[in-house]
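Here the structure is a predicted model, which means the values were calculated and not measured. The figures here come from the full heavy-atom set of this structure, side chains too, leaving out hydrogens, waters and symmetry mates.
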Amino acid sequence: TFTGDDSSLTASINASVLEYLRSTGVLILPRIANLDSLDRWSGASLSDYLSKPENRTSLSRAIVDALEKHRFPGVNLDFEELRVGARADYTAFVTELSGLLRARQLTLTIDVPLKQEAYDYQALGAAADALVVMAYDEHNAKGDAGPVASEEWFQAGIERILREVPREKVIVSLGQYAYDWNLTTRTSESLGYGDALERAQQIDVRPTFDAASRNSRFTYADGRGDQHDVWLLDALSLWNQLRFLADQKVRGVSLWRLG
């Protein structure tokens, strides 16, 4: 992880899992995310940090040193919730890092939201080996209840990105999880797919398919009488998304998250 407070990286590597994965020959790209000690996105501090050219150089070199130390073939950057004003600074950082990695034949992939002004998709796509497009969170835990990735929103977002980034560089990350919004207290909770189904079973309701968004949902009242609205991405949404992506001929897909 990297918080943006200084140039230090914090590594969390499971040695036994790493050894097993290496034995299979699978490509292993460690993920570097701008998370603080409480696993919160530190977008503001990272934006400030990247505004200085010397910091961008320092971080680029720190990443390369870490990859060489642990013998990784590349890296996945997951820097989220950047300020819109950090767009040029983040692009400059990625371009500098990309040059260092390519000189060493190391791979760079970058996670980007489906639509956000802080990211220059065309420039990032040119610098990276691949963009991993996080095609979810149309509605999320910080906002109002609604589809996690409605079909219209999903397709329009992918088509927009493909106008800026070569399709052979686009990996689309598909969601398999849920949000439970408490409409009474105006709070929310993120759930794994299995957790969402278990909750539905516990309260004896069955998720229904929303034809307009092509996402599934269910509603219920808890023991206190609070009203809940749960939206989830499931096999139905995944099937429709995969059918659309097959025609787009993107590089590949990934899942967030299994379970």
Side-chain angles (χ1 to χ4, degrees), residues 31 33 35 38-41 43 78 80-82 111-119 131-161 170-248 250 252-259:
R31 166 179 171 255
L35 295 169
L38 298 178
D39 276 349
R40 298 173 304 191
W41 296 108
D78 188 14
E80 301 189 28
E81 298 192 4
L82 296 171
D111 297 346
V112 293
L114 190 63
K115 182 182 180 182
Q116 199 170 107
E117 292 300 317
Y119 299 85
L131 292 189
V132 182
V133 181
M134 300 179 289
Y136 38 75
D137 276 2
E138 177 184 6
H139 295 84
N140 57 55
K142 294 182 179 180
D144 295 332
V148 183
S150 66
E151 184 167 284
E152 182 178 1
W153 175 85
F154 172 84
Q155 293 184 2
I158 296 301
E159 289 172 346
R160 182 177 55 252
I161 286 177
V170 174
I171 298 171
V172 181
S173 183
L174 306 175
Q176 285 290 279
Y177 62 94
Y179 288 115
D180 182 337
W181 284 273
N182 185 318
L183 304 181
T184 304
T185 63
R186 299 193 63 80
T187 57
S188 57
E189 178 185 6
S190 59
L191 300 170
Y193 172 71
D195 297 327
L197 291 187
E198 183 178 352
R199 182 161 300 182
Q201 291 172 353
Q202 289 172 347
I203 57 180
D204 196 26
V205 299
R206 175 176 292 184
T208 59
F209 184 68
D210 178 64
S213 67
R214 293 184 176 266
N215 284 191
S216 295
R217 71 183 296 203
F218 61 91
T219 61
Y220 69 96
D222 64 24
R224 297 185 301 273
D226 292 356
Q227 299 298 314
H228 290 251
D229 193 2
V230 181
W231 287 84
L232 64 152
L233 296 171
D234 57 10
L236 291 173
S237 60
L238 181 66
W239 172 251
N240 288 321
Q241 290 171 339
L242 289 174
R243 287 180 62 190
F244 170 75
L245 292 174
D247 292 334
Q248 304 307 310
V250 296
V253 300
S254 63
L255 288 180
W256 181 266
R257 60 184 171 154
L258 295 176

Participant: Does some side-chain heavy atom of Leu245 sit less than 4.5 Å from a side-chain heavy atom of Ile158?
Facilitator: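 Contact flag for Ile158/Leu245 side chains = yes.
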Participant: How about Asp137 and Tyr179: does a side-chain donor come under 3.5 Å of a side-chain acceptor?
Facilitator: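 Per modelled atom types, Asp137 and Tyr179 side chains form a pair under 3.5 Å.
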Participant: Looking at side-chain heavy atoms only, is the closest gap between Asp222 and His228 below 4.5 Å?
Facilitator: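 Side chain of Asp222 against side chain of His228, heavy atoms only: contact under 4.5 Å found.
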Participant: Checking Asp234 against Tyr177: is there a side-chain donor and acceptor pair closer than 3.5 Å?
Facilitator: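 Looking only at side-chain atoms, Asp234 and Tyr177 do not form any donor-acceptor pair under 3.5 Å.
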Participant: Just how far is it from atom CG of Asn215 to atom CD of Glu138, taken to the nearest 0.5 Å?
Facilitator: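 One finds 7.5 Å between CG of Asn215 and CD of Glu138.
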Participant: Taking only Lys NZ, Arg NE, NH1 and NH2, and the carboxylate oxygens of Asp or Glu, determine whether Glu81 and Arg40 approach each other closer than 4.0 Å.
Facilitator: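 No salt bridge links Glu81 with Arg40.
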Participant: Do Tyr136 and Leu114 come within less than 4.5 Å of each other through their side chains, counting heavy atoms only?
Facilitator: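 They are not in side-chain contact.
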Participant: Tell me the closest heavy-atom pair linking Leu233 and Tyr193, and the distance in Å.
Facilitator: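 Smallest interatomic distance, heavy atoms only, reads O-CD1, 3.6 Å.
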Participant: For Ala196, what residues pass the side-chain contact (heavy atoms from CB on, under 4.5 Å) criterion, not counting sequence neighbours?
Facilitator: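 With neighbours one apart ignored, the set is Ala178, Leu191.
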Participant: Hey, are the side chains of Leu242 and Leu174 touching, using non-hydrogen atoms and a 4.5 Å cut-off?
Facilitator: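 A side-chain contact under 4.5 Å exists here.
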Participant: Testing the basics here: between Pro113 and Ile161, what is the closest heavy-atom pair and its distance to 0.1 Å?
Facilitator: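 So the two residues come closest at O-CD1, 4.5 Å.
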Participant: Side chains of Asn182 and Thr185: is there a donor and an acceptor less than 3.5 Å apart?
Facilitator: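 On atom types as modelled, these side chains qualify, holding a pair under 3.5 Å.
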Participant: For Phe244 and Phe154, which heavy atoms make the closest approach, and how far apart are they?
Facilitator: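 For Phe244 versus Phe154, the nearest heavy atoms are CD2-CE2, 3.7 Å.
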Participant: Apply the test side chain to side chain contact (heavy atoms under 4.5 Å, CB included) to residues Val250 and Ile171: give CA-CA distance (whole Å), side-chain angles for both, the deciding distance (0.1 Å), then the verdict.
Facilitator: CA-CA 6 Å; Val250 296; Ile171 298 171; over 6 Å; no
Participant: Determine, stepwise, if the pair Ser254 / Val172 fulfils side chain to side chain contact (heavy atoms under 4.5 Å, CB included).
Facilitator: CA-CA 6 Å; Ser254 63; Val172 181; over 6 Å; no
Participant: Please assess Val112 against Met134 for the test side chain to side chain contact (heavy atoms under 4.5 Å, CB included), listing each intermediate value before the final yes or no.
Facilitator: CA-CA 6 Å; Val112 293; Met134 300 179 289; 5.6 Å; no
Participant: Mind checking the CD-CG spacing from Glu151 to Asn240? Nearest 0.5 Å is all I need.
Facilitator: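 Rounded to the nearest 0.5 Å, the CD-CG separation comes to 5.0 Å.
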Participant: Identify the two heavy atoms, one from Pro207 and one from Leu232, that lie closest to each other, and give their separation to 0.1 Å.
Facilitator: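 Reported closest heavy-atom pair: CB-CD2, 4.3 Å.
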Participant: Give the minimum heavy-atom separation between Glu80 and Tyr119, together with the two atoms involved.
Facilitator: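 Distance-wise, the nearest heavy atoms are CA-OH, 3.3 Å.
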Participant: In this structure, are over 12 heavy atoms from other groups packed under 6.0 Å from Gln202 atom CD?
Facilitator: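 Atom CD in Gln202 is packed in, count exceeds 12.
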Participant: When you compare the side chain of Phe209 with that of Arg214, does any pair of heavy atoms fall below 4.5 Å?
Facilitator: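 They are in side-chain contact.
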Participant: Among Asp180, Asp210, Asp229, whose salt bridge (charged side-chain N to carboxylate O under 4.0 Å, His left out) with Arg217 holds?
Facilitator: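 Answer to the salt bridge (charged side-chain N to carboxylate O under 4.0 Å, His left out) test with Arg217 among Asp180, Asp210, Asp229: Asp229.
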Participant: Out of curiosity, Ser216 OG to Arg206 CZ, how far, rounded to the nearest 0.5 Å?
Facilitator: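 Those atoms lie 11.5 Å apart.
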Participant: Look only at the side chain of Asp204 and the backbone of Ala200, and say whether a donor-acceptor pair between them is shorter than 3.5 Å.
Facilitator: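 Checked: no pair found.
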Participant: Just to verify, what does His139 make a ring-ring contact (aromatic ring centres under 6.0 Å, His included) with, not counting sequence neighbours?
Facilitator: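 Scan of His139 (ring-ring contact (aromatic ring centres under 6.0 Å, His included), adjacent residues dropped) gives none.
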Participant: Trp41 versus Leu35: any side-chain heavy-atom pair under 4.5 Å?
Facilitator: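 Contact flag for Trp41/Leu35 side chains = yes.
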Participant: Going through the distances and angles, do Val230 and Trp181 end up as a side chain to side chain contact (heavy atoms under 4.5 Å, CB included)?
Facilitator: CA-CA 6 Å; Val230 181; Trp181 284 273; over 6 Å; no
Participant: For Thr184 and Gln227, test the side chains for any donor-to-acceptor distance below 3.5 angstrom and give the result as yes or no.
Facilitator: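 The criterion, which ignores hydrogens and geometry beyond distance, is not satisfied for Gln227 and Thr184.
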Participant: Does Gln116 have more than 12 heavy atoms from other residues, nucleotides or ligands lying within 6.0 Å of its CD?
Facilitator: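 Yes, the 6.0 Å shell around CD holds more than 12 heavy atoms from other groups.
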Participant: Is the shortest side-chain heavy-atom distance between Val133 and Ser173 below 4.5 Å?
Facilitator: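 They are not in contact (no side-chain heavy atoms under 4.5 Å apart), so the answer is no.
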Participant: If you define the side chain from C-beta out and look only at heavy atoms, does anything of Arg199 sit under 4.5 Å from Glu189?
Facilitator: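 In contact.
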Participant: What heavy-atom pair brings Trp231 and Ser213 nearest, and what distance separates the two atoms?
Facilitator: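 Smallest heavy-atom distance, with atoms named: CZ3-OG, 3.5 Å.
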